2 protein chains.
Amino acid sequence: MDHSIEQASDSFSEGIGQLFQSWGLQKSMGSVFALLYLKEGPTSLEDIAAGLSMSKGNVSLNIREAERLGLVSKIWLKGDRRDYYEAEDNLWKIVRRVSRERQKREFDFAVETVKESLESLPPKNKDNEVVFARKRLKNLDSFLKSVNRMVNSVLSLETLRGATVNCPVLKHIPRKKRAVTE
Amino acid sequence: MDHSIEQASDSFSEGIGQLFQSWGLQKSMGSVFALLYLKEGPTSLEDIAAGLSMSKGNVSLNIREAERLGLVSKIWLKGDRRDYYEAEDNLWKIVRRVSRERQKREFDFAVETVKESLESLPPKNKDNEVVFARKRLKNLDSFLKSVNRMVNSVLSLETLRGATVNCPVLKHIPRKKRAVTE
DNA sequence: AGGAACGTTTAATAGATACTAAACGATACT
DNA sequence: AGTATCGTTTAGTATCTATTAAACGTTCCT
């Protein structure tokens, strides 16, 4: 370990890249975000590419998605036609945004799958296997709905604040961490 | 749509497969679980393979991992040396198990990354960029710890039960859904 | 207008991962 | 013991996705 900030930034980018990957996001997006997160002030697309030894094209692609997800924001400096970027500082905001995104894609899809499967089951059939399958699908359906409500509740935690005092789930989370706004 | 149970099972397996994939699990594992979930009683490995048009090897691989995660359980029928499997019925149990698994892998890894990055920063350096990077890393660190506590709390919800009445986050989740045991 | 400095797109490549088929080892039955 | 029936392992293949390099279009500057 040789205590250069480039060194630290490199291994950090790598680590966050892996973390992103396990979250179903692009590894490169993680690297880009990590670089920006440690760097104060606006950074140009080409500086990012250079700093990560990554092609401009890839940075362009990933940073656009990152911007859409609210991980970074584009900044215009007048008199400069380059695009500059900054990392979002509020990590709760990021989590909420990404979670909502995934929830929309994955949860709705799952509900749809269950619904279609239920419909394509032979109707009014008294076969044991059909009855059993239907029971399980119903169970899955209500499970998904509960998860949905639960996720929604957790994701909108910032609206709770005053109420959370009585909630054992959250009691030990520092208040200032909870008081975030979208 | 032609109302055969095979039809329903097929599209269901496909759908759950995709869902698993977006959760970072094997698509095939999702298919296997889906098949078992809709089928009552023990099913042999070869029947699963046949039912999904999948190789024995692949089923063997995926079902072992599925068993480790508690998605399915192996069943011995005496007088039969084949392996039979059944799907776990309690979906909350599954979620908890998988989440814990991921938390161990991913969360601990992230914390370690942050820690190492902090250590490899030039020490006692008053450069603006170093000070800034350190501030951000500290912020990330405390964020991760909060997330950790939060996830742990949610994952151990079954221990709450009586207490959840006062918790706005969970009030509208049916009680019977919460009262699950590991 | 000509040219330089951008970001984006695209077509091709590289890389990783999942899956298969077949060989293998083990176990139970005759 | 020999054989048939399992599940597992492995080595190869296929598939899919991320990434690059280069062409492209645009904007700004002189």
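Computed from a prediction, not measured in an experiment: that's the story for all the values here. We use all heavy atoms of the structure for the numbers below, so side chains are in, but hydrogens, waters and symmetry mates are not. Proteins get letters first, then strands, A, B, ... in listed order; numbering begins at 1 in each.
- Atom CD1 in I75(B) sits about 14 Å away from atom P in dG7(D), given to the nearest Å.
- Of the charged side-chain nitrogens involved, at least one lies within less than 4.0 Å of a carboxylate oxygen, so that D89(B) and R136(A) count as a salt-bridged pair.
- Along DNA chain D, the nucleotide nearest S53(A) and the nucleotide nearest I63(B) are compared for position; the residue whose nucleotide lies closer to the 5' end is I63(B).
- When the nucleotides dT20(C), dT27(C), dT20(D) are ranked by their closest atom to the side chain of S55(A), dT20(D) comes out on top.
- The separation between L45(A) atom CG and dT20(D) atom P is 13 Å, rounded to whole Å.
- Using a distance-only test at 3.5 Å, with no hydrogens or angles considered, a donor-acceptor pair links the side chain of S146(B) to the main chain of S142(B).
- dT27(D) atom P lies 16 Å from atom CG of D80(A), rounded to whole Å.
- Distance CG (D47(B)) to C1' (dC6(D)): 13 Å, rounded to an integer number of Å.
- Base engagement by N58(A) is indicated by at least one non-hydrogen atom pair under 4.0 Å involving a base atom.
- Ring to ring, W92(B) and F143(A) are close: their centroids are under 6.0 angstrom apart.
- Atom-to-atom, CZ of R81(A) to C1' of dG3(C) comes out at 11 Å; the value is rounded to the nearest Å.
- In this structure, CD of E46(B) is placed 15 Å from C1' of dT20(C), rounded to the nearest angstrom.
- The side chain of K56(B) has dT8(D) as its nearest neighbour among dC19(C), dT8(D), dT20(C).
- Here dG7(C) presents its C1' atom at 14 Å from OH of Y84(A), a figure rounded to the nearest Å.
- Looking at heavy-atom distances under 4.0 Å, S44(A) makes no contact with the nucleic acid at all.
- For the side-chain contact (heavy atoms from CB on, under 4.5 Å) test with Y85(B), the passing option among I63(B), T43(B), V59(B), L71(B) is I63(B); the others fail.
- For the pair K74(B) and M54(A), nearest-nucleotide mapping onto DNA chain D gives the more 5' position to K74(B).
- Checking each of L45(A), I48(A), L61(A) against K56(A) for a side-chain contact (heavy atoms from CB on, under 4.5 Å) leaves exactly one that passes, namely L45(A).
- Distances shorter than 4.0 Å separate some side-chain N or O of S60(B) from OP1 or OP2 on dT8(D).
- The residue among L61(A) and R82(A) whose nearest nucleotide of DNA chain C is located toward the 5' end is R82(A).
- Atom pair E65(B):CD and dA18(C):P shows a separation of 11 Å (rounding to whole Å applied).
- For dT17(C), neither phosphate oxygen OP1 nor OP2 lies less than 4.0 angstrom from any side-chain nitrogen or oxygen of Q26(B).
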